[in-house]
Structures are given as structure tokens and as C-alpha cells.
There are 2 protein chains.
Amino acid sequence: MAPDLAERETTTEDETALGGYALARQVGHLLRRAHQRHVAIFQEGIGAAALTPMQWAALVTLVRDGQASQNQLGRLTAMDPATIQGVARRLLARGLIARAPHPADRRISLLAATPAGVALVKATLPAAVAISEATLAPLNADERRTFLQLLQRMAFA
Amino acid sequence: MAPDLAERETTTEDETALGGYALARQVGHLLRRAHQRHVAIFQEGIGAAALTPMQWAALVTLVRDGQASQNQLGRLTAMDPATIQGVARRLLARGLIARAPHPADRRISLLAATPAGVALVKATLPAAVAISEATLAPLNADERRTFLQLLQRMAFA
DNA sequence: GTCCGATCATTCGTGTACGAATAATCCGCC
DNA sequence: GGCGGATTATTCGTACACGAATGATCGGAC
């Protein structure tokens, strides 16, 4: 496999022409790659439960809060109304959540985890913890604290 | 707007049942939200260039490296062959990049930025720098160094 | 009591993201 | 010199992600 020539061929515009801008050092690129790596760890670690990160987020939130409207669940998990719609539809199809009409507001249908959904969350919780742990594996305890604290501010600024 | 009742209705399973697992504190959730915030800043900051983060990544990489095969460009920007295909197709359609047959390998067509693509990158570079800056705005200079160093390890571990 | 702005859920369109399968081509090994 | 494994690009299917538009409903101001 032609070692270097393959990855760096004819150089038309040198990096100097980009004024020191290196994609690999930009926050956005690093955030994307770190998230990408986490999703891969998640898929691997979630195993037989076969949930996506978003499905897990929605389900675990419903288990914690008991019930919520669809848009409300979207806000709690940082999903667009259009996005949570698809996530909810797939969880509904698997029988992990259920809908009930809101007693007073006919626009709303309340979502709640079914017994199967609650059971799945309880069974999967150790895997979820292990996933977070594995994602943070490159850092030691001190670094994890620092990183999470800074990341929190980057996320919610 | 019913303040608290709306966001926390009937609580079936208390947080204690989740053994202290709080979605809002998990790395994966925070990485997703930080990335989400960055993409919003990017869309806002890129302005008239109307590029997505991925299109920018591919284009700036081609300007730096001169030319690359499609899969190679995907590897350089951390995109699946299936994903880079769509990104390249859209850049091609806008005339920002062009294809040429590889002189020796008929499987490969080489991608390169067109003069229009190079010009767009040069014109957009200040905006790209400002986007990275705006994304890191919640942190001071010391924190940025620390965060980027740790994030780098999280991304490439 | 009725109108008006806000909210709820859905749908459409576009753009990542990636596993899996495919056809064409390449290359090293025998 | 032909064969088998690797690589290239494409396609299909599924799942986020979100702007924008829609129709139903709600709630408060008048």
C-alpha cells in the first residue's frame, strides 16, 4: 500500500496558504470525531437491546419522568419535533413505549414507557454505564472531571 | 407556560431507580449537544458560502492536498465511502470540485478543487476561524488549551 | 363569546451517517 | 498468466437532524 504518496499527493496549495488553519485541530472536527467514536462504542456496547443512542435517551427519560408529551420529550433530550417523531414511532413499534390521550388537551398525546420498556432500561443500565466509562477510557480520573466540566459548558452555553 | 408541572409530571420511577444515572451528565449526551451547538454556530457563521461542515471539511482538505481519490478524501475527513459520495456529488454539482481519471488506476477518479472552490475557501477562511472561536467562546484561553488537548485524545483514541 | 398568537404533532425536503451488498479493477503470489 | 484477496465507487436501507410549512387545538385579551 503506497505509504505516503497515497495520502499526500500533488500539493497545489500549501498549508501556509490556509494561514495555519488545520482541519484536524478545529473544535468542530474534534467534537464530531469524538462523538463518532462514542456512537461506535455505544452500538458495540448496547448489544442485544439494539437501541440507538437517541432511542436510549428518550426511553430512559420516560422511565425517569413517568410520562411526557412528544415535544416535551424532545426538549428533554435535545431533539427536534421532527426528529423525536421518528424516534418515538420506532419505540412505539417495538412496544417499549405507549401513547395515551391527554385528559385536558386534545393536541397532546402522552408518552410513557411500557413494562417492557422499563424492564429493558433496567436490564440495559449497566451497559449504558459501561459505555460512558469506555468512552472516557482515554482519560484518567482527574482529566475526566476536568473534561466533563468544560464539555458541559461547551454544550449548554 | 405552566412552569414545573409541564416539564416534570407524574414520576413513576424515581431517579434513584436508575442508580444515579443521569442522562444530562453522560459524555455521549454532552458530546452530542456540544456538537449540535457547534453546527448551529457553523450554519450561522458560514453565511453566503452556504456550505455544511462536511462540505467545508472536504473542500478545505482538497485545497490543502491538491487532489485525492474519493475514498481517500473520506478517510482524510473521517467520512464513510457512502457519506463522502453524497458530499462529493453536491460539491461537484456546485462546480467547487472536479473529477479527473487516474492515469494508472481505472477504479479511481481524482477529485480536486476548481478555481471557484479555491476562491471560496480563501474567501471563507476568516469565517471558519471565527466559527471555531465562537464555538470555544464559553472557555478562556487556558481552558481552551486544556479542553482541546483532552478532546483530541477523546477523538483519536 | 370571539379572535389571535402560541403550541402540538405531522409531513416534506435536504443532508449527514453507516452497515451491507455489488461490480469493476488492481495486485501479489504461485 | 491466471487466481484470490484487496480496493474503488456506487447503491440500498435505516436512522438521525433540522428548517419550513401545515392543520388542529388551546388560551388569553378584548
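Here is the naming used below: chain letters follow the sequence lines, and residue numbers restart at 1 for every chain.
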K.L.:
At less than 4.0 Å, is any side-chain N or O atom of A:Ser109 found next to OP1 or OP2 of C:dC8? Yes or no.
P.N.:
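The answer is no; no side-chain N or O of A:Ser109 sits under 4.0 Å from OP1 or OP2.
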K.L.:
Measure from the side chain of A:Met79, starting at C-beta and using heavy atoms only, and say which of C:dA17, C:dC8, D:dA17 lies closest.
P.N.:
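The nucleotide sitting nearest to the side chain is D:dA17.
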K.L.:
Both A:Ala82 and B:Gly86 contact DNA chain C. Which one's nearest nucleotide lies toward the 5' end?
P.N.:
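Its nearest nucleotide lies further toward 5', so the answer is A:Ala82.
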K.L.:
CZ of B:Arg64 to CG of B:Leu76: how many Å apart, nearest 0.5 Å?
P.N.:
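The distance works out to 6.5 Å.
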K.L.:
Given C:dC8, C:dG19, D:dC18, which nucleotide is nearest the side-chain atoms of A:Asp80?
P.N.:
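Closest nucleotide among those given: D:dC18.
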K.L.:
Take atom CZ of A:Arg32 and atom C1' of C:dC18, then tell me their distance rounded to the nearest Å.
P.N.:
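That distance rounds to 11 Å.
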K.L.:
At what distance, to the nearest 0.5 angstrom, does CG of A:Leu73 lie from OG1 of A:Thr61?
P.N.:
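Result: 6.0 Å between the selected atoms.
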K.L.:
Hey, what do you get for CZ (A:Arg145) to CG (A:Asn140), rounding to the nearest 0.5 Å?
P.N.:
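Output value for this atom pair is 8.5 Å.
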K.L.:
If you only use heavy atoms from C-beta on, which nucleotide in D:dC16, C:dC8, D:dA9 is closest to the side chain of B:Arg99?
P.N.:
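Within the option list, the nearest is D:dA9.
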K.L.:
Expressed in angstrom and rounded to an integer, what is the separation of A:Ile97 atom CD1 from C:dA9 atom C1'?
P.N.:
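Answer to the nearest Å: 14 Å.
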K.L.:
Is any side-chain N or O of B:Arg75 closer than 4.0 Å to OP1 or OP2 of D:dT7?
P.N.:
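Checking D:dT7 against B:Arg75, no side-chain N or O comes under 4.0 Å of OP1 or OP2.
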K.L.:
To the nearest 0.5 Å, how far apart are CG in A:Leu30 and CG in B:Leu150?
P.N.:
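With rounding to 0.5 Å, CG (A:Leu30) is 11.5 Å from CG (B:Leu150).
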K.L.:
Would you call B:Thr146 and A:Phe147 a side-chain contact if the rule is heavy atoms closer than 4.5 Å?
P.N.:
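No. Closest side-chain heavy atoms not under 4.5 Å.
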K.L.:
Can you check the B:Gln55 CD to C:dA17 C1' distance for me, whole Å?
P.N.:
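Those two atoms, CD and C1', are 15 Å apart.
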K.L.:
Write down the atom of A:His29, the atom of A:Leu23, and the distance for their closest heavy-atom approach.
P.N.:
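Looks like CB-O, 3.4 Å.
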K.L.:
Tabulate protein N/O versus nucleotide N/O from nucleotides 22-25 of chain D, keeping only pairs under 3.5 Å, one per line.
P.N.:
residue: D:dT25; atom: O2; partner: A:Arg107; partner atom: NH1; Å: 3.4

K.L.:
Rounded to whole angstrom units, what separation is found between the CD1 atom of A:Ile84 and the C1' atom of C:dA9?
P.N.:
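After rounding, the reported distance stands at 12 Å.
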K.L.:
In whole angstroms, how far is the C1' atom of C:dT7 from the NE2 atom of A:His102?
P.N.:
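Distance check: A:His102 NE2 to C:dT7 C1' gives 12 Å.
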K.L.:
What does B:Gln43 touch in the nucleic acid at a heavy-atom separation under 4.0 angstrom: a base, only the sugar-phosphate, or nothing?
P.N.:
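No contact.
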K.L.:
Can you list, by residue number, the residues of residues 33-41 of chain A that have a non-hydrogen atom closer than 4.0 angstrom to DNA chain D?
P.N.:
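Nothing qualifies; none.
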K.L.:
Tabulate below the donor-acceptor pairs under 3.5 Å that side-chain atoms of residues 103-115 of chain A make, not counting sequence neighbours, or state none.
P.N.:
residue: A:Asp105; atom: OD1; partner: A:Arg107; partner atom: N; Å: 3.0
residue: A:Asp105; atom: OD1; partner: A:Arg107; partner atom: NE; Å: 3.1
residue: A:Asp105; atom: OD2; partner: A:Arg107; partner atom: NE; Å: 3.4
residue: A:Asp105; atom: OD2; partner: A:Arg107; partner atom: NH2; Å: 2.7
residue: A:Ser109; atom: OG; partner: A:Arg99; partner atom: NE; Å: 3.2
residue: A:Ser109; atom: OG; partner: A:Arg99; partner atom: NH2; Å: 3.2
residue: A:Thr114; atom: OG1; partner: A:Gly95; partner atom: O; Å: 2.7
residue: A:Thr114; atom: OG1; partner: A:Leu96; partner atom: O; Å: 3.1
residue: A:Thr114; atom: OG1; partner: A:Ala116; partner atom: N; Å: 3.4
residue: A:Thr114; atom: OG1; partner: A:Gly117; partner atom: N; Å: 3.1

K.L.:
Looking only at atom types and distance, does a side-chain atom of B:Gln36 sit under 3.5 Å from a main-chain N or O of A:Ala78, one as donor and one as acceptor?
P.N.:
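Here the side-chain-to-backbone pair exists.
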K.L.:
Hey, could you give me the CG/CG distance between B:Leu91 and B:Leu51, rounded to the nearest 0.5 Å?
P.N.:
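Between B:Leu91 CG and B:Leu51 CG, I get 7.0 Å after rounding to 0.5 Å.
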K.L.:
Can you tell me which nucleotide in C:dA9, D:dT11, D:dC16 comes closest to the side chain of A:Gln70?
P.N.:
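Looking only at heavy atoms from C-beta outward on A:Gln70, the closest nucleotide is C:dA9.
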K.L.:
Rounding to an integer number of Å, can you tell me how far B:Arg90 CZ sits from C:dG13 C1'?
P.N.:
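Going from CZ in B:Arg90 over to C1' in C:dG13 covers 12 Å.
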K.L.:
Just checking B:Arg89: base, sugar-phosphate only, or nothing, at a heavy-atom cut-off of under 4.0 Å?
P.N.:
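No contact.
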K.L.:
Could you give the CG-to-C1' distance, from B:Leu51 to C:dT16, as a whole number of Å?
P.N.:
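Rounded to whole Å, this separation is 15 Å.
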K.L.:
What is the separation between atom CD1 on B:Ile108 and atom P on D:dA9, rounded to the nearest whole Å?
P.N.:
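Atom CD1 in B:Ile108 sits about 6 Å away from atom P in D:dA9.
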K.L.:
Can you check whether A:Met154's main-chain N or O pairs, donor with acceptor, with B:Arg37's side chain at less than 3.5 Å?
P.N.:
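Present.
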K.L.:
Determine the contact category for B:Thr83: base if any of its heavy atoms lies under 4.0 Å from a base atom, sugar-phosphate if only primed atoms, P, OP1 or OP2 are that close, otherwise nothing.
P.N.:
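Since a base atom lies under 4.0 Å of B:Thr83, the category is base.
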